[in-house]
Number of protein chains: 2
Amino acid sequence: MTAASKTVSDVIHSHFGTLTRAEKQLAESLLDNYPVSGLGSITTIAENAGVSTPTVVRMVQKLGFKGYPDFQAHLHQEVEATISNPIAKHDRWASNAPGTHILNRFADAIMGNLRQTLSALDTATFDNVASLLSDRKRGLYFVGGRITGALAEYFFTHMQVIRPNTALLSSNSSSWPQYVLNMNPGDLLVIFDIRRYEQEMVSLATAARKRGAEIVVFTDQWGSPAAKLARHTFRVQIEAPSAWDSSVITLFIVEALIEAVQSSTWDETKERMKTLEGLFEQTRLFRKLS
Amino acid sequence: MTAASKTVSDVIHSHFGTLTRAEKQLAESLLDNYPVSGLGSITTIAENAGVSTPTVVRMVQKLGFKGYPDFQAHLHQEVEATISNPIAKHDRWASNAPGTHILNRFADAIMGNLRQTLSALDTATFDNVASLLSDRKRGLYFVGGRITGALAEYFFTHMQVIRPNTALLSSNSSSWPQYVLNMNPGDLLVIFDIRRYEQEMVSLATAARKRGAEIVVFTDQWGSPAAKLARHTFRVQIEAPSAWDSSVITLFIVEALIEAVQSSTWDETKERMKTLEGLFEQTRLFRKLS
DNA sequence: GTTGTCATGAAAAGAAATTTTCAGAGTGCG
DNA sequence: CGCACTCTGAAAATTTCTTTTCATGACAAC
């Protein structure tokens with residue numbers, strides 16, 4: 001095989017499947033901030049990746065280079081090509097995409113959203129919500145609208161594994177009253193309500209409050225009317241170069257919360273996950289037999 | 001004097017007058033094709049400039065650097081600054097929280113995932129999938145697993161607004177056969193299959209292929225077995241500082257695809273959205289009256 | 001012409017980097 | 001449980017790079 005025409009990045013990607021654990025770790029470290037991360041000595045990049053220098057040598061040889069110097073020479077050439085070509089310079093996101101490609105515009109927007117959301121986000125709020133979610137004495141209810149229903153479901157699916165006493169309200173409001181009926185004081189209702197705020201969310205929130213439930217709202221920067229009834233509110237930046245709003249950052253916060261809850265109660269969660277694995281195994285078996 | 005804030009190029013220029021003949025020769029060689037020409041070893045650049053290695057050492061020390069490695073470190077920094085990714089590392093995303101707060105660690109991980117996913121992503125694949133999705137003659141089917149089901153649903157919900165002839169397969173496989181039965185050649189099956197790859201996805205993909213359907217797979221960097229049957233595959237970086245995988249970047253690509261499809265057929269979509277608005281209005285009215 | 005100063009590179013010395021070897025850890029399999 | 005296998009990094013061996021030393025030659029001043 002020859003590494004001549006393809007970029008080092010391409011070569012790494014095409015070999016990724018055949019790499020071992022330590023080598024993958026190294027490859028990712030190299031691709032992270034590519035190609036600059038490969039500029040230093042073999043010692044430096046081994047340290048940055050948290051692997052040993054022999055691993056580096058083994059990998060570059062596996063990739064088809066003669067040795068580390070050969071590998072680095074290719075990298076230098078690429079750096080040169082990148083720098084001397086002014087178009088490529090503004091095009092570091094997705095390679096071979098015009099600078100205005102939708103992927104690049106989206107990536108820019110997401111980054112901006114993340115930055116703004118996090119700078120506006122109070123970490124105390126985050127920590128408080130995480131601890132409310134971790135409290136197994138509280139019942140958990142998730143609800144979303146037409147679009148955000150998928151986020152509620154995602155959140156619910158994970159929390160259901162982590163802890164008991166968890167429910168997902170369908171986005172169809174007709175079944176809500178029976179859930180509200182079962183809410184106890186201290187229970188937590190997590191509402192996703194973004195942009196075209198759904199009027200019914202306010203009614204739901206009001207009813208839940210009457211039953212003594214705490215409310216957490218995920219909304220956009222303008223704020224759902226339901227946020228007024230909430231104990232904690234996440235205001236997420238949702239703008240995208242699109243006719244639609246972006247849910248990426250909302251999902252980001254959801255995932256961070258999932259991890260926060262999980263790590264705070266890891267021992268219990270571990271047990272549950274094991275049990276769950278076993279159940280899945282049984283189901284699979286059951287299907288095979290049938 | 002310190003070389004800290006100024007660029008190496010500036011330093012060379014400001015010292016140019018005090019340089020000797022051989023040093024000037026070297027300086028010019030370095031400035032020519034700056035800063036890439038300084039990337040190699042001292043031997044290499046001495047040869048390129050036609051001077052001896054001691055000359056190089058003497059000059060860089062005269063410029064205020066500790067030695068050649070110090071000089072080169074500065075150069076590397078400059079190269080990095082020149083071509084660094086738009087998403088360079090942040091030490092802290094969320095202010096007033098330590099860099100080790102879960103939000104900050106997650107933000108770092110997500111940005112790394114985004115960077116790597118985009119660098120591995122072929123924009124031709126993206127464009128091709130977008131145009132397949134835009135083709136209203138093709139039926140569209142979406143399916144996800146236990147966790148990724150929410151992503152499939154999100155994708156489906158949007159595409160259903162944009163175009164007709166769209167279906168969501170439940171994550172429960174028992175109902176799949178009837179969908180496969182209805183697939184026509186050229187129809188598109190979008191599969192989300194990440195990490196704990198579900199065996200049934202391969203069966204589904206095989207059955208769909210037999211019916212002449214095209215397959216698009218969203219998977220992780222290791223690749224779902226279903227990807228082998230796919231016309232197009234998105235390999236998404238899903239790692240997070242968490243016991244769970246992150247779906248953030250997958251959602252990112254989904255949203256970008258939604259926008260790509262929508263903008264390519266905006267006129268038709270606009271009409272559909274208006275109609276849909278009207279229908280929602282009626283439903284709401286209906287509920288209020290009842 | 002002599003002398004001193006400086007620039008320069010060859011070569012040696014010293015310091016790093018790169019590669020190889022090898023043993024222990026881990027993993028899968030019978 | 002033991003065997004075979006692979007992966008991995010510590011450490012040694014090797015190579016390469018960097019720095020220092022020093023001899024030579026150019027040039028200017030006297």
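Small disclaimer: the values here were computed from a predicted structure and weren't measured. Chain identifiers are assigned alphabetically (A, B, ...) following the order of the sequence lines, protein sequences preceding nucleic acid strands; residue numbering begins at 1 within each chain.
Side-chain contact annotation: B:Ser174 with B:Asn172, donor-acceptor N/O pair under 3.5 Å present. Residues A:Arg136 and A:Thr265 have side chains that bring a donor and an acceptor to within less than 3.5 angstrom of each other. A side-chain donor from one of B:Ser52 and B:Thr55 sits under 3.5 Å from a side-chain acceptor of the other.
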With the criterion being N/O to N/O and under 3.5 Å, what pairs connect the protein with nucleotides 6-8 of chain D, and how long is each?
unit_1: D:dT8; atom_1: OP1; unit_2: A:Arg21; atom_2: N; d: 3.4
unit_1: D:dT8; atom_1: OP1; unit_2: A:Ala22; atom_2: N; d: 2.7
unit_1: D:dT8; atom_1: OP2; unit_2: A:Thr20; atom_2: OG1; d: 2.2

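Proximity note for B:Val51 (side chain, C-beta onward) versus C:dT18, C:dG9, D:dT20: the nearest is C:dG9. Closest contact between the side chain of B:Pro54 and the listed nucleotides C:dA10, D:dT19, C:dT18 involves C:dA10.
Counting all heavy atoms, side chain and backbone alike, B:His76 lies closest to A:Leu39 at CE1-O, 3.3 Å. Annotation for B:Ala109 and B:Glu239: closest pair CB-O, 4.1 Å, computed over non-hydrogen atoms.
Atom CG in B:Leu19 sits roughly 15 Å away from atom C1' in C:dC6 (whole-Å rounding). Regarding B:Gln72, its CD atom lies at a distance of 15 Å from the C1' atom of D:dT19, rounded to whole Å. Note: CD1 (B:Ile42) to P (C:dG14) measures 18 Å, nearest angstrom. Rounded to a whole Å, the CD atom of B:Gln25 is 13 Å from the C1' atom of C:dA7. Put simply, CD1 on B:Ile45 is 19 Å from P on D:dT16, counting in whole angstrom units. Distance OH (A:Tyr68) to P (C:dT19): 10 Å, rounded to an integer number of Å. Atom-to-atom, NZ of A:Lys66 to P of C:dT20 comes out at 11 Å; the value is rounded to the nearest Å. In this structure, CG of B:Leu26 is placed 15 Å from P of C:dA7, rounded to the nearest angstrom.
In terms of phosphate contacts, B:Thr53 brings no side-chain nitrogen or oxygen within less than 4.0 Å of OP1 or OP2 of D:dT18. Phosphate contact (OP1/OP2 of C:dT20, side-chain N/O of A:Gln61, threshold under 4.0 Å): present.
When the side-chain hydrogen bond (donor to acceptor under 3.5 Å, both in side chains) test is applied to A:Gln25, the partners found at least two apart in sequence or on another chain are A:Arg21.
Residue B:Arg209 qualifies as open at atom CZ: its count of foreign heavy atoms under 6.0 Å is 12 or below.
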